[in-house]
Amino acid sequence: MKYSKSIDKKWQKFWEDTGLFKVDEKKRDKQKYYSLVMFPYPSSELHVGHARNYIIGDAVARYKIMQGFYVLSPMGWDAFGLPAENQAIKKGIPPKEWTFRNISRITEQLKSWGIGYDWNREIATCHPDYYRWTQWIFLKLYQKGLAYKSKAAVNFCPSCQTVLANEQVIQGKCERCSTEVVQKNLSQWFFKITDYAQRLLEDINLLEEWPERVKTMQKNWIGRSEGVEIDFSVDNSDIKIRCFTTRVDTIFGATFLAMSCEHSLVKDLIKDAGNKQQITEFIDRVNNQPKSARLLEGFEKEGMFTGKYAVNPMTKEKIPIWICNYVLTEYGTGAIMCVPAHDKRDWEFAKKYNIPIKTVIARPGRENEVKDAVFEEEGILVNSGNFSGLLSGEAKNKIAEYMEKNNIGKRKTNYRLRDWLISRQRYWGVPIPVVYCSKCGIVPVKEEDLPVLLPENVEFRPVGQSPLADVEEFVNTTCPKCGGKARREIDTMDTFVDSSWYFLRYISPRDKNRIFNSDDVNYWLPVDQYIGGVEHAILHLMYARFFNKFLYDLGLINFKEPFKRLFTQGMIVKDGAKMSKSKGNVVAPDYIIENYGVDTMRLYILFIGPPDKDAEWNDEGLRGAYRFINRVLRLISMVKNIDSQDVPPEYSYNKDEKRLLSKTHSVIKEVSYDLEGNFQFNTAISSIMELVNEMYKFVQNPQIEIHSAVLTEAAETVLRLLAPFTPHISEEAWQELGHKESIFLSGWPKYNLEFIKQDTIEIAVIINGKVRRHLKIEAGWPQEKVEEAVLADSKVKAYLQGKPFKKVIYVPGKLINIVL
RNA sequence: GCGGAAGUGGCGGAAUGGCAGACGCGUUAGGUUCAGGACCUAAUAGGAACAAUCCUGUGUGGGUUCAAAUCCCACCUUCCGCACCA
């Protein structure tokens with residue numbers, strides 16, 4: 001028997017006909033397992049890099065099915081988005097048509113790879129039955145005050161002609177097209193994710209089975225920092241400037257104040273300044289600098305003195321107020337107190353503009369040392385009035401207390417996380433369900449009027465506004481409140497909104513009356529295993545957690561976190577680069593399947609390396625997988641011809657049988673361990689290879705007497721262990737061996753420790769840390785007996801030369817170490 | 001700068017503190033074959049001997065230990081994420 005593609009189709013049909021992956025939520029006699037792979041954006045057809053994702057997910061689902069779990073494995077489409085619209089503009093294909101064309105092609109691909117899903121639960125976020133509930137969530141957020149419209153400086157991509165979320169701006173550039181992002185003051189919709197900042201941070205602790213690196217990225221992104229907000233009064237003025245600092249212990253060293261150019265108080269401050277003209281010019285210049293320039297190394301700190309002074313509330317000294325290009329508007333209060341002696345940036349600035357530098361923190365034990373350098377660490381306070389002599393940590397508390405008592409400042413926790421900007425000036429997305437009424441203002445659409453349908457026949461023009469603006473029937477509506485004339489919101493939602501809750505809709509995909517059935521959702525969720533690319537570590541995973549918590553607060557679900565276990569797989573690269581059409585290094589699966597069969601591709605992709613690491617594609621490696629599969633099939637053909645009989649009750653196994661039994665069972669143990677841990681498919685497969693190699697030795701040597709039952713058990717074990725990885729050939733060979741039922745119903749093999757144990761074992765004899773001999777001993781021997789045998793060995797004697805030894809360490813079954 | 005991951009043969013990569021290099025690719029030799037391919041068997045870290053053996057080896061330098069790729073300290077390099085966050 002040789003592996004050919006005809007095997008693939010046969011079994012794919014079989015699984016479909018027998019409903020291996022169909023799940024009926026009413027049958028609940030088994031333990032559930034929800035296996036979820038991040039749903040794809042249907043843009044182009046999939047290559048082997050994408051395939052890794054789905055193959056891993058499928059291997060997990062099939063493994064869990066074999067273990068007897070009741071496995072839910074659904075698939076759907078993240079179907080709204082910019083590429084569809086860009087295609088429409090470029091080629092005139094309606095986004096919907098383009099999207100569904102891609103969906104059917106990818107579906108065909110996934111099916112041809114033998115990836116098992118419950119296709120009855122398929123969803124697409126662009127379908128009104130789905131986005132109706134996305135809009136519903138929007139309304140709920142709006143009701144709770146968590147969706148709001150606000151004018152703010154936002155990131156705008158001139159190429160995509162839309163605003164972007166903070167998270168979608170990478171190094172000052174658009175995540176999608178790398179165009180320089182500009183700042184615009186626009187009125188936009190936001191979700192108040194910052195209300196959940198603390199919970200999103202705290203509950204990371206509940207995510208025990210998430211990769212550490214993803215958790216760290218989320219923590220950093222939320223960016224909690226504790227400090228004090230201090231009100232600085234301005235000399236000869238009523239104005240107070242609020243600053244945030246995490247280093248209130250350095251306040252006695254604050255020698256100037258710095259404000260960002262966009263700070264709302266700047267106008268008032270410079271009202272009667274002599275150099276007002278100059279300052280305004282400076283502000284304009286800074287505001288026109290591209291954001292990415294700020295990030296460049298050596299970006300020069302610049303500023304203008306406002307002519308005004310603030311009062312340091314602790315020293316009562318007058319300190320100059322500056323406007324600076326290095327103060328962020330968006331973080332904290334947009335104004336900071338500057339301590340040049342203990343902050344590198346302030347130091348740089350003070351040196352440049354000759355602002356006094358005052359040391360107030362010293363390294364403990366070196367309080368009197370004077371150094372012309374920044375000291376950013378914590379230490380002991382000096383020159384700090386009553387607080388001198390305290391350590392930074394203690395001083396922070398004491399000073400904060402003092403400030404609170406005297407109404408100077410207040411403790412404050414700040415987060416780096418910003419509210420989520422969700423409106424997009426694009427067409428192919430979920431319409432935001434609100435209307436603008438000249439009388440009532442912003443009015444949400446009534447729940448019963450959902451969905452607000454996205455019009456389909458629209459004209460595409462690449463302008464800074466959604467084509468929806470021109471669709472009169474859409475835009476003109478009536479106010480749900482007063483019944484008067486009103487206009488619909490023409491912005492659509494960020495597609496990350498769509499994907500923030502899709503894993504819940506899989507449970508009740510066709511429910512017309514509610515977002516989902518809470519009972520069913522509480523049964524299936526949280527997702528037991530979530531699999532996807534690490535590129536979603538911040539965006540998608542943070543938003544999904546936020547939505548989950550919101551729905552939890554609504555009482556719709558009873559779990560705080562949606563994904564119990566997360567696995568982020570690595571990329572498959574070719575010639576050291578990510579596969580992409582433009583680079584021309586895409587490995588297409590079709591050719592592989594045609595020539596080597598699907599299981600070859602599946603096996604190779606799982607064997608290519610640790611699944612969480614990037615891996616380099618290698619055609620020779622693929623051929624190795626093909627070789628192995630055929631090696632297995634040949635082995636099965638040989639075993640098949642042996643007339644298999646049961647082992648008699650009192651049968652005593654011979655030496656060879658014991659050896660094969662031991663190998664068989666220890667491989668079961670290893671593979672099971674590898675799959676339970678962090679999905680070590682590569683080592684799991686290598687263990688199975690070892691068993692196959694071992695079996696070849698038995699089958700090919702006519703000298704060896706071996707009971708057919710032992711050989712059959714080994715062969716069946718190989719197939720069952722391989723089944724999650726290479727399901728097609730496993731089913732085929734399983735049938736060859738005379739089984740009528742699917743291999744996936746045969747259960748996961750169990751190992752017996754009694755068989756793994758061997759009578760004679762080989763131990764290493766180590767003399768002074770060097771391996772000198774390998775000796776066979778009986779497994780049950782006590783240390784004395786082993787020592788005796790080792791010391792009696794002539795080679796060992798030669799090494800020892802009768803010298804006395806200090807110590808003997810015996811590690812049972814492994815080694816004996818003699819120290820001279 | 002902060003945070004994370006990693007550094008092992010020609011290559012991908014294995015090793016609960018216990019025999020470094022499993023398994024695979026590649027390479028070499030032999031078998032089989034009309035031939036090629038495919039397949040089977042064996043060898044394959046480096047060096048000296050070319051046999052049985054010995055020496056050196058997991059980024060660098062120290063340390064702990066009977067025993068370190070693994071633990072500790074210092075450093076180097078690479079990749080990834082965040083980055084003027086006060």
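Just so it is clear: chains get the letters A, B, ... in the order the sequence lines come, proteins before strands, and each one is counted from 1.
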To the nearest Å, how far apart are [X] [atom1] and [N] [atom2]?
X        : N      : atom1 : atom2 : value
A:Lys344 : B:rA83 : NZ    : P     : 17 Å
A:Ile336 : B:rA86 : CD1   : P     : 10 Å
A:Trp347 : B:rA86 : CH2   : P     : 21 Å
A:Ile818 : B:rA67 : CD1   : P     : 15 Å
A:Lys301 : B:rG1  : NZ    : P     : 14 Å
A:Glu787 : B:rC66 : CD    : C1'   : 13 Å
A:Leu635 : B:rC39 : CG    : P     : 15 Å
A:Asp612 : B:rA6  : CG    : P     : 9 Å

Using the 3.5 Å cut-off, write out each protein N or O paired with an N or O of nucleotides 72-74 of chain B and the distance between them.
none

When rounded to the nearest Å, what value does the distance between [atom1] atoms of [N] and [M] take?
N      : M      : atom1 : answer
B:rC2  : B:rU8  : P     : 26 Å
B:rG81 : B:rA68 : P     : 38 Å
B:rA67 : B:rU44 : C1'   : 28 Å
B:rC73 : B:rG21 : C1'   : 28 Å
B:rA6  : B:rA86 : C1'   : 32 Å
B:rG59 : B:rC66 : C1'   : 27 Å
B:rG17 : B:rU58 : C1'   : 15 Å
B:rG13 : B:rG7  : P     : 10 Å

For RNA chain B, list all stems, counting runs of three or more consecutive pairs where every pair is Watson-Crick or G-U wobble with both distances under 3.5 Å.
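RNA chain B stems, ordered by first number: B:1-7 with B:76-82, B:10-12 with B:23-25, B:26-31 with B:39-44, B:45-48 with B:53-56, B:59-63 with B:71-75.
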Letter per nucleotide, 5' to 3', of nucleotides 17-26 of chain B [B base touched, S only sugar-phosphate touched, - untouched; heavy atoms, 4.0 Å]:
-BB--BBSSS
Quick one: is A:Arg634 getting a side-chain N or O under 4.0 Å of the B:rC40 phosphate, OP1 or OP2?
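For B:rC40, OP1/OP2 do have a side-chain N/O of A:Arg634 under 4.0 Å.
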Taking only side-chain N and O atoms of A:Gln700, does any of them lie within less than 4.0 angstrom of OP1 or OP2 on B:rC40?
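Checking A:Gln700 against B:rC40: no side-chain N or O falls below 4.0 Å of OP1 or OP2.
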Rounded at 0.5 Å granularity, tell me how far CG in A:Leu721 sits from OG in A:Ser687.
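Between atom CG of A:Leu721 and atom OG of A:Ser687 there are 9.0 Å.
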Sequence neighbours excluded, which residues qualify as salt bridge (charged side-chain N to carboxylate O under 4.0 Å, His left out) partners of A:Glu762?
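Once residues adjacent in sequence are excluded, A:Glu762 has no partner under the salt bridge (charged side-chain N to carboxylate O under 4.0 Å, His left out) criterion.
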Measure from NZ or CZ of A:Lys301 to the centre of the six-membered ring of A:Phe349, then state whether that distance is under 6.0 Å and the direction lies within 45° of the axis.
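Because its charged atom misses either the 6.0 Å distance or the 45° angle limit, A:Lys301 does not stack over A:Phe349.
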Please pick, from [options], the nucleotide with the shortest atom-to-atom distance to any side-chain atom of [X].
X        : options                : value
A:Lys613 : B:rG3, B:rC84, B:rA6   : B:rA6
A:Met217 : B:rU56, B:rC40, B:rG81 : B:rG81
A:Tyr331 : B:rA86, B:rG3, B:rU41  : B:rA86
A:Lys807 : B:rC40, B:rA86, B:rC66 : B:rC66
A:Ile538 : B:rC82, B:rC55, B:rC40 : B:rC82

Using the closest heavy atom to pick a nucleotide of RNA chain B for each, name whichever of A:Glu616 or A:Gly332 lands nearer the 5' end.
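Result: A:Glu616.
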Using side-chain heavy atoms (C-beta onward) and a distance below 4.5 Å, is A:Met314 in contact with A:Ile399?
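Yes - at least one pair of side-chain heavy atoms lies under 4.5 Å apart.
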Quick one, A:Met689 and A:Phe607 - any side-chain contact, counting heavy atoms below 4.5 Å?
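Touching, per the 4.5 Å side-chain cut-off.
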Which atoms form the tightest heavy-atom contact between [X] and [Y], and what is the distance?
X        : Y        : value
A:Leu691 : A:Ala714 : CD2-O, 4.2 Å
A:Ala625 : A:Tyr604 : CB-CB, 3.8 Å
A:Arg545 : A:Leu200 : NH2-O, 2.7 Å
A:Arg52  : A:Lys613 : NH1-O, 3.0 Å

Per-pair distances, 0.1 Å, donor-acceptor, side chain in residues 812-820 of chain A, under 3.5 Å, sequence neighbours excluded:
none

Do NZ/NE/NH1/NH2 and the carboxylate oxygens of A:Arg411 and A:Glu229 come within less than 4.0 Å?
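Salt bridge absent between A:Arg411 and A:Glu229.
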Could you check whether A:Glu300 pairs with A:Lys352 (Lys NZ or Arg NE/NH1/NH2 to Asp/Glu carboxylate O, under 4.0 Å)?
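Here A:Glu300 pairs with A:Lys352 in a salt bridge, since their nearest N and O are under 4.0 Å apart.
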Sugar-phosphate, base or nothing in reach of [X], heavy atoms under 4.0 Å:
X        : result
A:Glu212 : nothing
A:Arg418 : base
A:Arg416 : base

Show your working on side chain to side chain contact (heavy atoms under 4.5 Å, CB included) between A:Ile323 and A:Val266 and close with a plain yes or no.
CA-CA 8 Å; A:Ile323 296 171; A:Val266 166; 3.6 Å; yes
Can you tell me whether the base of B:rG7 sits syn or anti, using the 90° cut around 0 to define syn?
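Judged by the O4'-C1' to base torsion, B:rG7 sits in anti, the angle falling more than 90° away from 0.
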With A:Arg418, which residues qualify under side-chain contact (heavy atoms from CB on, under 4.5 Å), at least two apart?
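In terms of side-chain contact (heavy atoms from CB on, under 4.5 Å), with neighbours along the sequence ignored, A:Arg418 is linked to A:Asn166, A:Glu330, A:Tyr331, A:Arg416.
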